[in-house]
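Quick note on labels: first sequence line is chain A, next is B, and so on, each numbered from 1.
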There are 2 protein chains.
Amino acid sequence: MHRVSRDDEGHQRLNRERVLSVSIALADRTGIDSLTMRRHGEELGVEAMSLYNHVANKVDLLNGMVDAVFNEIELPSHNDDWKTAMRKRSVSFRAVLSRHPWATGLKDSGTNPGPATLRHHDRVIGTLRNAGFSIAMTAHAFSALDSYIYGFAMQEKNLPFTTEEDTAARAHIMLAQLPANEYPYLAELTADHVLKPGYNYADEFPLGLELILDGLERWLEKHKLEQEPDTER
Amino acid sequence: MHRVSRDDEGHQRLNRERVLSVSIALADRTGIDSLTMRRHGEELGVEAMSLYNHVANKVDLLNGMVDAVFNEIELPSHNDDWKTAMRKRSVSFRAVLSRHPWATGLKDSGTNPGPATLRHHDRVIGTLRNAGFSIAMTAHAFSALDSYIYGFAMQEKNLPFTTEEDTAARAHIMLAQLPANEYPYLAELTADHVLKPGYNYADEFPLGLELILDGLERWLEKHKLEQEPDTER
DNA sequence: ACCTGAACACCGTTCAAGT
DNA sequence: ACCTGAACACCGTTCAAGT
C-alpha cells in the first residue's frame with residue numbers, strides 16, 4: 001500500500017493506467033467520437049497537453065485502450081474441455097465488446113497488439129492445439145470464431161435500437177417507413193420477429209456460436225479418424 | 001445520351017452520384033481518415049462547401065457511400081438453390097468489403113439503411129424463406145452469416161500485412177519481436193503457418209463459410225423432419 | 001440553382017516556458 | 001519530471017455574397 005501522490009487540489013498524479021481507464025470510461029459513456037484529448041484532459045482536471053506525458057499520441061492511447069479491453073476477456077480455462085473453454089471465452093469476448101462497443105471498430109489489435117492481446121491469442125491457440133487441432137485447423141478455427149464474434153459485436157453495435165423497449169418503438173417506425181410491397185420479406189421479418197415481445201438481438205449470439213463450435217468438433221473428429229492408427233502423436 | 005453540363009474549365013457539373021463515387025474512390029485510395037470535405041472538394045476541382053449542395057453533411061455522405069457499396073454485392077440468385085445462392089452472395093460480399101475496407105467500420109447500414117441495403121437484405125431473407133427456413137431460423141441464419149462476413153472483413157482489414165510478399169517480411173519482424181517463451185503457441189502458429197509460402201488470410205474465408213452453411217443446412221433438415229407429416233407449406 | 005470566401009468552433013500536436 | 005499556454009495546421013459546418 002503506497003500513498004498516491006496528489007497535488008494541491010487533491011488530484012491524483014497521472015499515470016498511463018489512470019489515463020487509459022478514464023478514457024475507456026469516457027468512450028463507454030459518450031462514444032469514441034467524443035473522446036478528444038481536450039475533453040479527456042478536462043475529465044482528469046488537467047490540460048490536454050498533460051496527457052502527452054503518459055501516452056505518445058492518440059493512436060497510442062487507442063492501442064492501449066484496446067489492450068486494456070482484451071484484459072477483461074475471460075481466458076479459456078485449462079480445466080475445461082476445448083469446446084466449453086472456447087464457448088466461455090467467446091461469450092465473455094462478446095460481452096466485453098458489448099460493454100465497449102467502440103473497441104470493435106479499432107484496428108489496433110491487428111497492427112500493434114499489446115501484451116493482453118497476445119496473451120489472449122496465445123491461450124486460445126494453445127487450447128485448440130492441446131485438444132488435438134492441427135496448426136492449420138487451429139488457424140481456421142481461430143479465424144472462424146473470432147470473425148463471428150467481432151462481426152456479431154459490430155452488428156449489435158450498429159443496431160438502431162439498444163434497450164428492449166426502444167426496439168419496439170424504433171422498429172415500428174422503421175416498419176412504417178418501409179415500403180412493404182418493395183421489401184416484403186424484410187417487412188415480414190421485422191413485423192413477425194423483431195417486433196415480437198422479448199426480442200433481443202443478443203440472444204442470437206449463442207445459436208451461431210454453437211453452429212461454429214459443432215462444425216469445429218466435426219472437423220476435429222474427422223481429422224482424428226484420418227490420423228487414426230498411429231494416434232500416439 | 002444527354003450531354004453533361006460543364007463549366008468554363010470543363011469540369012462536369014456536380015451531382016450526388018458523382019460526389020459519392022469520387023468519395024468512394026478517394027477512401028479506397030487514401031483511407032477513410034483522409035476523406036475530408038476539403039480534400040474531397042479538391043479532388044473534384046471545387047471548394048469543400050460546394051459539396052453541401054449535394055449531400056446534407058458528412059454523415060449523409062458516409063451513409064450514401066455505404067449504400068453504394070451494397071449495390072456492388074451480388075444478390076442471391078433465384079436460379080440457384082439456397083446454399084449456392086448464399087455462398088455466392090457471401091463470397092461477393094466479402095470481396096466488396098475487401099475492396100472498400102473503410103465500409104466495414106461504418107455504422108450507417110444499421111441505423112439508416114439506404115435502398116440498396118434494404119433490397120439486398122430483402123433478397124437474402126427471401127431466399128432463405130423460400131428454401132423453407134422459418135422466420136426465426138431465417139433471422140438466426142442471417143445473423144450468423146453476416147456476423148461472420150463482417151467480422152472476417154474486419155479482421156482482414158486489420159491485418160498488419162496486405163500483399164503476400166509483405167506478409168513474410170512483416171511476420172518475420174513480428175515473430176522476432178515476439179517473446180517465444182511467453183507466447184509459444186502464437187509463435188508456433190506464426191512460424192509454421194503464417195510464414196509458410198503462399199499463405200493468404202483471405203483463403204480462410206471459404207472454410208468458415210462452409211462451416212456455417214453446413215450447419216444451417218443441418219438445421220433446415222431437422223426442422224423439416226419435425227414438420228414432416230404436413231409438409232405442404 | 002449552384003458555387004465561393006470568410007468565419008466559427010472545434011481537432012491533434014509542437015514547443016518553449018514554467019514548477 | 002510533469003504540467004501549461006500559446007500557437008500551428010488542420011477539421012466540419014454556417015452564412016451571406018456572388019453568378
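- Note on B:His54: every side-chain N or O is 4.0 Å or more away from OP1 and OP2 of C:dA1.
- Between B:Arg39 and B:Thr36 the shortest side-chain heavy-atom distance falls below 4.5 Å.
- Using a 4.5 Å heavy-atom threshold, the side chains of A:Ser77 and A:Lys88 count as separate.
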What one-letter contact string describes nucleotides 14-19 of chain D from 5' to 3', where B marks a base within less than 4.0 Å of any protein heavy atom, S marks contact via sugar-phosphate atoms alone, and - marks no contact? B-----
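- Note: B:Phe142 and B:His121 meet the aromatic proximity criterion, with ring centroids under 6.0 Å apart.
- Of the candidate nucleotides D:dT4, C:dG12, C:dC3, C:dG12 has the atom nearest to the side chain of A:Lys58.
- A 3.5 Å limit on both hydrogen-bonding distances identifies C:dG5 as the Watson-Crick or G-U partner of D:dC15.
- Spacing between atom CG of B:Leu51 and atom P of C:dC3 amounts to 9 Å, rounded to whole angstrom units.
- The listed nucleotides are D:dC2, C:dT13, C:dC3; the one nearest the side chain of B:Asn53 is C:dC3.
- The separation between B:Leu62 atom CG and D:dG12 atom C1' is 12 Å, rounded to whole Å.
- In this structure, the CD atom of A:Glu47 is 16 Å from the P atom of C:dT13, given to the nearest Å.
- Whole-Å rounding puts the A:Asp60 CG to C:dT13 P distance at 10 Å.
- Checking B:Asp67, B:Asn112, B:Asp122 one by one against B:Thr117, the side-chain hydrogen bond (donor to acceptor under 3.5 Å, both in side chains) holds for a single residue, B:Asp67.
- In this structure, CD in A:Glu204 is found 11.0 Å from CD in A:Glu156, a value given to the nearest 0.5 Å.
- Between B:Arg16 and B:Asp60 there is a salt bridge, since a side-chain N of the basic residue sits under 4.0 Å from a carboxylate O of the acidic one.
- Note on ring orientation: taking the six-membered ring where Trp is involved, the planes of A:Phe205 and A:Phe152 are perpendicular (angle over 60°, cut-offs 30° and 60°).
- The nucleotide C:dC10 finds no pairing partner, because no Watson-Crick or G-U wobble arrangement with both distances shorter than 3.5 Å includes it.
- Candidate nucleotides D:dC3, D:dG12, C:dT4 were compared by shortest atom distance to the side chain of A:Ser50, and D:dC3 ranks first.
- Between A:Glu182 and B:Arg119, none of the side-chain N atoms (NZ, or NE/NH1/NH2) sits under 4.0 Å from a carboxylate O, so this pair counts as no salt bridge.
- Contact check of residues 24-40 of chain B against DNA chain D (heavy atom, cut-off under 4.0 Å) returns B:Leu35, B:Thr36, B:Met37, B:Arg38.
- Relative orientation of the A:Phe70 and A:His120 rings is perpendicular, given thresholds of 30° and 60° on the angle between their planes.
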